[in-house]
Amino acid sequence: MTDKLSREHRSRCMAAIKGKDTKPEMIVRRFLFSKGLRYRVNNRKLPGSPDIVLRKYRTVIFIDGCFWHGHKDCRHFHMPKSNTDFWRHKINMNMARDYRANVELRLLGWRVIRVWECDVKSKENGIRLLDRLYRQITNVSDREYGIQDNVVDIAAEDTATYGTPDTI
């Protein structure tokens with residue numbers, strides 16, 4: 001099946017997609033700010049340039065787009081019908097980069113949270129997800145007793161599958 005749009009029009013559409021200040025990012029940032037949390041955005045000094053950095057809690061948050069980061073079994077992710085090899089390679093490289101950033105951040109002592117775009121956008125899951133996100137960030141009891149959970153999977157799939165060549 002061929003693409004419904006011309007090559008130039010498709011290129012223009014894909015180039016217009018933002019990498020920062022996306023709608024899901026803004027939803028999460030507004031929620032965290034309303035709860036009294038203060039953060040930095042897109043800190044380029046940390047591996048992977050996390051979307052949200054909560055230094056006080058040693059936590060970073062990535063809000064991943066379902067298409068660009070290869071969210072398996074998501075209705076928002078489907079492999080394009082044209083130029084499939086290019087897209088498969090690009091998405092696999094994005095997933096490998098995500099995995100590498102997770103590992104590097106954990107080695108630096110940061111707690112990593114990855115949130116999927118589809119989970120934030122849906123109204124019924126979004127509120128529950130944001131409340132759970134807030135509780136996991138501010139969970140004081142774990143820090144008081146010295147227990148550190150370096151990776152928190154909220155809406156992401158198991159990180160062990162990232163970086164393998166046949167993930168898509």
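Since we're looking at a predicted model, the values are computed, not measured.
- Qualifying side chain to side chain donor-acceptor pair (under 3.5 Å) partners for His89, counting only residues two or more places apart in sequence or in other chains: none.
- Judged as a ring-ring contact (aromatic ring centres under 6.0 Å, His included), and not counting sequence neighbours, Phe62 has no contacts.
- A donor and an acceptor atom, one from each side chain of Asp64 and His71, are nowhere located under 3.5 Å apart.
- Side-chain contact between Ile91 and His69: absent, with no pair of heavy atoms (C-beta onward) separated by less than 4.5 Å.
- In terms of the side-chain contact (heavy atoms from CB on, under 4.5 Å) criterion, residue partners of Ile127 (sequence neighbours excluded) are, by chain and number, Asp131.
- Scanning for side-chain contact (heavy atoms from CB on, under 4.5 Å) contacts around Tyr134 gives Phe31, Lys35, Leu37, Thr138, with sequence neighbours left out.
- For Arg55 and Tyr39, the positive end is not near the middle of the six-membered ring at less than 6.0 Å and at most 45° from its axis.
- Residue pairs meeting the salt bridge (charged side-chain N to carboxylate O under 4.0 Å, His left out) criterion with at least one partner in residues 24-33, sequence neighbours excluded, are Asp21-Arg29, Glu25-Arg29.
- Not counting sequence neighbours, the partners of Asn125 by the side chain to side chain donor-acceptor pair (under 3.5 Å) test are Arg128.
- Side-chain atoms of Arg40 and Asn43 include no donor-acceptor pair closer than 3.5 Å.
- Every residue two or more places apart in sequence or in another chain that forms a side-chain contact (heavy atoms from CB on, under 4.5 Å) with Arg12 is listed here: His9.
- Of the residues Asn42, Val41, Thr22, the one that meets the side-chain contact (heavy atoms from CB on, under 4.5 Å) test with Asp51 is Asn42.
- Listed for the Arg111 side chain is a donor-acceptor partner under 3.5 Å among the backbone atoms of Gln136.
- Take Lys121 and apply the side chain to side chain donor-acceptor pair (under 3.5 Å) test, not counting sequence neighbours, and it matches Glu117.
- For Arg100, there are no side chain to side chain donor-acceptor pair (under 3.5 Å) partners, not counting sequence neighbours.
- Not counting sequence neighbours, the partners of Val28 by the side-chain contact (heavy atoms from CB on, under 4.5 Å) test are Leu32, Ile52, Ile63, Val120, Leu130, Leu133.
- Residues Tyr57 and Asn139 form no side-chain contact, since every pair of their non-hydrogen atoms from C-beta on lies 4.5 Å or further apart.
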